[in-house]
Amino acid sequence: MYTIRTDYRDETVIEKSRFICTLKKVASEAEAQDFIKTVKKEFWDATHNCSAYVIDELAQRSSDDGEPSGTAGLPMLEVLRKNDLCGVAAVVTRYFGGVKLGAGGLVRAYTGSVAKAVQGCGLARRILMGTFALTADVADAGKLLNIIYQQQLFSVAGVEYGQQARIMLYMQEEQQEEAERWLTEALNNATQLEQVGSEYVEVPLVREN
């Protein structure tokens with residue numbers, strides 16, 4: 001999954017109509033809806049403020065805001081989907097310039113407005129990272145760490161000492177099974193990791209020239 005690197009605004013003029021696309025990173029439907037209300041308040045005199053947002057695979061909505069059904073909100077939503085975006089809301093504000101575009105022209109205008117803004121702001125890959133605990137006897141912790149530092153599959157996030165040592169390992173969540181196999185082989189002992197946390201991190205995509 002991907003998201004936009006930063007909030008962004010872009011304007012395009014098509015047949016004398018102004019199309020202003022505003023993109024925002026959002027974490028929830030409530031935040032997306034508040035953003036849409038804010039843009040509508042900012043551009044209160046616009047002809048239309050059409051919107052679409054994708055929070056995750058389930059929370060996805062769009063609105064034509066008075067444009068002919070299916071000519072604005074859904075095409076905008078499809079751009080977000082095709083770019084595999086999540087946590088993103090888009091509002092395209094239209095100031096009618098006097099020339100009717102027709103259904104096909106509207107679809108192209110709203111699609112192109114969002115696509116142009118997405119390209120302009122740049123994307124970042126969202127990677128789900130996890131923190132996992134490896135429990136061992138305190139006396140064995142140093143030896144285990146020396147072995148763990150020999151690989152690059154995961155990193156050591158810290159060590160907690162109590163009755164036992166808990167070595168915190170940080171890696172992509174999807175690599176848990178691979179890490180457990182490596183540890184089982186390296187330590188010559190069946191190893192299972194306990195997940196204690198997770199978070200998304202964003203890695204900006206580098207455009208090729």
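None of the values given here were measured: they were computed from a predicted structure.
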Report yes if some heavy atom in the side chain of [X] is under 4.5 Å from a heavy atom in the side chain of [Y]; otherwise report no.
X      : Y      : value
Val39  : Ile20  : no
Leu193 : Met171 : yes
Leu183 : Phe154 : yes
Cys50  : Asp65  : yes
Arg181 : Glu185 : no

For side-chain contact (heavy atoms from CB on, under 4.5 Å), just list the numbers for Leu23 and Asp7, CA-CA rounded to whole Å, side-chain angles, deciding distance to a tenth of an Å, and then say yes or no.
CA-CA 5 Å; Leu23 299 178; Asp7 298 345; over 6 Å; no
Contacts of type side-chain contact (heavy atoms from CB on, under 4.5 Å), residue [X], not counting sequence neighbours:
X      : answer
Ala133 : Arg166, Met168, Glu194, Val196
Thr38  : none
Glu174 : Gln172
Thr12  : Asp10, Ile14, Lys116

Tell me the closest heavy-atom pair linking [X] and [Y], and the distance in Å.
X      : Y      : value
Leu144 : Ala136 : CD1-CB, 3.1 Å
Cys86  : Met1   : CB-CE, 3.3 Å
Leu80  : Ala52  : CD1-O, 3.9 Å
Glu202 : Ile4   : OE1-O, 4.5 Å
Ile55  : Ser28  : CD1-O, 3.4 Å
Thr22  : Arg9   : OG1-NE, 2.9 Å

Could I get the full list of side-chain hydrogen bond (donor to acceptor under 3.5 Å, both in side chains) partners for [X], not counting sequence neighbours?
X      : result
Gln195 : Glu173
Gln175 : none
Arg108 : none

Using only atom types and a distance under 3.5 Å, with no angle test, would you say the side chain of Thr47 pairs donor to acceptor with the backbone of Phe96?
yes
If you look only at pairs with a residue in residues 81-98, which of them pass as a side chain to side chain donor-acceptor pair (under 3.5 Å), with sequence neighbours excluded?
Ser17-Arg94, Asp45-Tyr95, Asn49-Thr93, Gln60-Arg81, Glu67-Arg94, Glu78-Arg81
Interatomic spacing from [atom1] in [X] to [atom2] in [Y] - rounded to 0.5 Å:
X      : Y      : atom1 : atom2 : result
Glu11  : Ser113 : CD    : OG    : 9.0 Å
Lys40  : Lys37  : NZ    : NZ    : 9.5 Å
Glu199 : Leu128 : CD    : CG    : 9.0 Å
Leu85  : Lys25  : CG    : NZ    : 11.0 Å
Ser155 : Met129 : OG    : CE    : 6.5 Å

Pairs meeting criterion salt bridge (charged side-chain N to carboxylate O under 4.0 Å, His left out) with involvement of residues 125-154, two or more places apart:
none
Mind running side-chain contact (heavy atoms from CB on, under 4.5 Å) on Ser51 and Val91 for me, showing each step along the way?
CA-CA 4 Å; Ser51 59; Val91 176; 4.1 Å; yes
Taking ring pair (Phe, Tyr, Trp, His ring centres under 6.0 Å) as the cut-off, I'd like each qualifying pair that reaches into residues 109-142, sequence neighbours left out, listed once.
Phe19-Tyr110
Which residue pairs satisfy the ring pair (Phe, Tyr, Trp, His ring centres under 6.0 Å) criterion with at least one member in residues 30-78, sequence neighbours excluded?
none
Let's go through Leu169 and Ile148 carefully: what are the C-alpha distance in whole Å and the side-chain angles of both, what is the deciding distance for side-chain contact (heavy atoms from CB on, under 4.5 Å) to 0.1 Å, and is it a yes or a no?
CA-CA 9 Å; Leu169 307 178; Ile148 289 171; 4.3 Å; yes
side-chain contact (heavy atoms from CB on, under 4.5 Å) between Val54 and Val88, intermediate numbers included:
CA-CA 6 Å; Val54 176; Val88 179; 5.8 Å; no
Identify each donor-acceptor pair in which a side-chain atom of residues 156-163 lies under 3.5 Å from a protein atom, sequence neighbours left out, and give them as a table.
none

